[in-house]
*Asks:* 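Below you will find the structure I want to go over with you.
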Number of protein chains: 2
Amino acid sequence: MPVPLSPLHEAIHKQTAKEMIRDKIVSLIASGILQVGDELPSERELASMLMVSRETVRGAVQRLAGEGIVQVSQGARTRIANVNVDVGGQRIGVTNPTSINGYSLDAVHAARLLVETAVVADAAKHLSAEDIKRLEESILVQEQACNDPVRFLICDREFHLTIYYASQNRLLADFVVDLYTYMLDHRRIAMGKPGAIEKSLEDHRFIVRALKMRNPEAVAAAFSEHILRIHDTSLEVDADGAGLKPARPALWTSVLGQ
Amino acid sequence: MPVPLSPLHEAIHKQTAKEMIRDKIVSLIASGILQVGDELPSERELASMLMVSRETVRGAVQRLAGEGIVQVSQGARTRIANVNVDVGGQRIGVTNPTSINGYSLDAVHAARLLVETAVVADAAKHLSAEDIKRLEESILVQEQACNDPVRFLICDREFHLTIYYASQNRLLADFVVDLYTYMLDHRRIAMGKPGAIEKSLEDHRFIVRALKMRNPEAVAAAFSEHILRIHDTSLEVDADGAGLKPARPALWTSVLGQ
DNA sequence: TTTAACTGGACTACTTAACAGTCCAGTTGT
DNA sequence: ACAACTGGACTGTTAAGTAGTCCAGTTAAA
């Protein structure tokens, strides 16, 4: 996530086009945009989309297949690889459930709590009528996606991003979007929990209500609650998932003060 | 600064090693880490540092020389290129004084005001005794660098980073470091203003005093003042530098509420 | 002043990634 | 049955990067 100022003494890491394509696809899977069973475009199509030659795409896809990340339709010469999220019990994506890109889950949630509340408070002042309408429609779609975690997550994403980008501060909005995006993989797991979707949906309804009143404080408070709930849920998931982090740690309050 | 989630339909942009090296050096110059007159390491040294072949380094340096960004010691076969910040009147680095990486200066400063105060407040609780000692020593060095803007800026950088990294939240600390780093080029210009260095130094003394008391609120307040002063200074600079942004804009308050 | 250690310039031969094109065998949907 | 796809498997070509060598000039210490 950070964009470190590269000191001169650090090695250049060149990446071949093959590797970049492979990583791109992996990150799309990790973030939940590519779902299990999704079909990738054809080799030729991918090549033209990515502006590389077909051979290069081939190499990347073959490596992905070798890693078991995608599965090429057996025996056949038809459509390319299906995304395969857990081949051989190995999940793709964020491997360590207690850290994201090297940052602790606590740090990420603390950052969200600080920055996201500011961003959405600002967004509350600038949301257009169409934005609000779109959010209300999104709620309806979410209600219908209640029993499909991945479908719900896609709606969730659109819902959140609509709000973030209503803020006038593009820099902070982008930052929050990054934080949200990097959480997607965790969120997908958490969404499997019974009741998780319903609770999120309830939060969303509350948020929309606050947004309609154009009350920045209420919106910030609602988001704060939402984020805290998400944090608690992910702690539960981690707890029975990997046997780690049984309780909310002390660090949690340290960044946000008092 | 943002790390966008790359959708599959976007072109892969491969970069040759030459280009990466060139860009790396340019960004080091733009951020003020490489100063005018600095000598780059020898080609062979650079090659081993960057883990590339000497020919590759040659290509990058030659291109930089062609662009006039570095200057190879004339005629000679001795030490490599000197950094040259304003060849032919063209300054290197941030070309648009009112935006950084596409973000408005206001957005950057608003972000700093929000996040940096939180980070330093946290840092106040975790600063070690050695850290404080180092900060006090830094003040002494800064006093001696008062009439050398670039030297002062190097001290300034170390001073700020020492505080940031004392925070327990690595994610937010990294973010703040990024913001600070991207400001460096602007700061270097602002430091040329008479009195600018003295004012910064005064702020730093005040900050150290607050840190020694381990008073998070006081530290946050001191930084808030510091950042606001920097913002005002950069507005002045822009005003007579490029004839833009004569007054503090309305957006300024919109992100931080009320 | 001599000398040994560096410097950049220039060149070679080699490896590899990526490109562009072709042809083929098998699927798919009409 | 058919046309339009799919991936598989080749080919030859280009460009980037590597590794090595040799040279002429500079530098600083012996």
Side-chain angles (χ1 to χ4, degrees), chain A residues 6 8-26 34 37-84 87, chain B residues 6 8-26 34 37-84 87:
Chain A
S6 47
L8 201 49
H9 62 273
E10 273 175 16
I12 287 273
H13 55 283
K14 355 173 221 277
Q15 231 185 348
T16 63
K18 272 196 246 281
E19 289 171 333
M20 293 176 72
I21 294 171
R22 180 217 164 255
D23 291 350
K24 191 168 207 168
I25 292 175
V26 166
L34 276 179
D38 279 358
E39 280 182 348
L40 292 180
S42 74
E43 290 179 352
R44 288 172 176 87
E45 213 173 326
L46 268 176
S48 78
M49 286 192 297
L50 302 173
M51 306 268 285
V52 294
S53 75
R54 202 184 134 210
E55 278 299 319
T56 310
V57 171
R58 273 182 76 68
V61 171
Q62 278 170 344
R63 173 154 175 211
L64 284 166
E67 293 175 304
I69 294 175
V70 300
Q71 208 165 22
V72 182
S73 342
Q74 68 267 30
R77 280 187 176 71
T78 175
R79 298 220 122 252
I80 205 177
N82 283 39
V83 172
N84 201 349
V87 173
Chain B
S6 48
L8 200 50
H9 62 273
E10 273 175 17
I12 287 270
H13 57 285
K14 355 170 220 277
Q15 232 185 347
T16 64
K18 273 197 243 282
E19 289 170 333
M20 294 176 71
I21 295 171
R22 182 219 163 253
D23 291 350
K24 191 168 204 167
I25 291 176
V26 166
L34 276 180
D38 280 357
E39 280 182 346
L40 292 180
S42 74
E43 291 178 353
R44 289 173 175 86
E45 214 173 325
L46 269 176
S48 78
M49 287 192 297
L50 302 174
M51 306 269 286
V52 294
S53 75
R54 200 183 136 212
E55 277 300 319
T56 310
V57 171
R58 272 182 79 67
V61 172
Q62 278 170 344
R63 173 154 175 209
L64 284 166
E67 293 175 303
I69 294 175
V70 300
Q71 207 163 25
V72 181
S73 341
Q74 69 268 30
R77 281 188 175 68
T78 176
R79 298 220 122 254
I80 206 177
N82 284 38
V83 171
N84 200 348
V87 174

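Basis for what follows: all heavy atoms, side chains included, without hydrogens, waters or symmetry-related copies. Within every chain, numbering begins at 1; the chains are lettered A, B, ... in the order of the sequence lines, protein sequences first and strands thereafter.
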*Asks:* Please identify which of these residues, A/L50, A/V61, A/L46, A/T16, meets the side-chain contact (heavy atoms from CB on, under 4.5 Å) condition with A/I21.
*Replies:* A/L50

*Asks:* Provide, to the nearest angstrom, the distance between the CZ atom belonging to B/R44 and the C1' atom belonging to D/dC23.
*Replies:* 11 Å

*Asks:* What is the distance, rounded to the nearest whole Å, between atom CD of A/Q62 and atom P of D/dG7?
*Replies:* 11 Å

*Asks:* I would like to know whether A/R63 and A/E19 meet side chain to side chain contact (heavy atoms under 4.5 Å, CB included); could you show each step before the answer?
*Replies:* CA-CA 9 Å; A/R63 173 154 175 211; A/E19 289 171 333; 4.0 Å; yes

*Asks:* Where do B/T56 and B/A17 come nearest, in terms of heavy atoms and distance?
*Replies:* CG2-CB, 3.7 Å

*Asks:* Starting at CZ of A/R44, measure out to CZ of A/R58 and round the result to the nearest 0.5 Å.
*Replies:*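 These two atoms lie 9.5 Å from each other.
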
*Asks:* Quick check for you: to the nearest 0.5 Å, what is the distance between B/E55 atom CD and B/E43 atom CD?
*Replies:* 8.5 Å

*Asks:* Using atom CG of A/L46 as one end and atom P of C/dC19 as the other, report the distance to the nearest whole Å.
*Replies:*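 About 13 Å, once rounded to whole Å.
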
*Asks:* Verify the contact: side-chain N or O of B/R58 to OP1 or OP2 of C/dG9, cut-off strictly under 4.0 Å; return yes or no.
*Replies:* yes

*Asks:* What string of B, S and - do you get for nucleotides 12-19 of chain D, 5' to 3', if B is base contact, S is sugar-phosphate-only contact and - is no contact with any protein heavy atom under 4.0 Å?
*Replies:* ----SSBB

*Asks:* To the nearest 10 degrees, what angle separates the axes at the start and end of the helix from C/dT1-D/dA30 to C/dT30-D/dA1, five pairs each?
*Replies:* 30°

*Asks:* Nucleotides 2-4 of chain D: which of its N/O atoms have a protein N/O under 3.5 Å away?
*Replies:*
none

*Asks:* Can you confirm whether A/K18 sits close enough to A/R22 that some side-chain heavy atom of one is under 4.5 Å from a side-chain heavy atom of the other?
*Replies:*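 SC-SC contact between A/K18 and A/R22 ruled out.
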
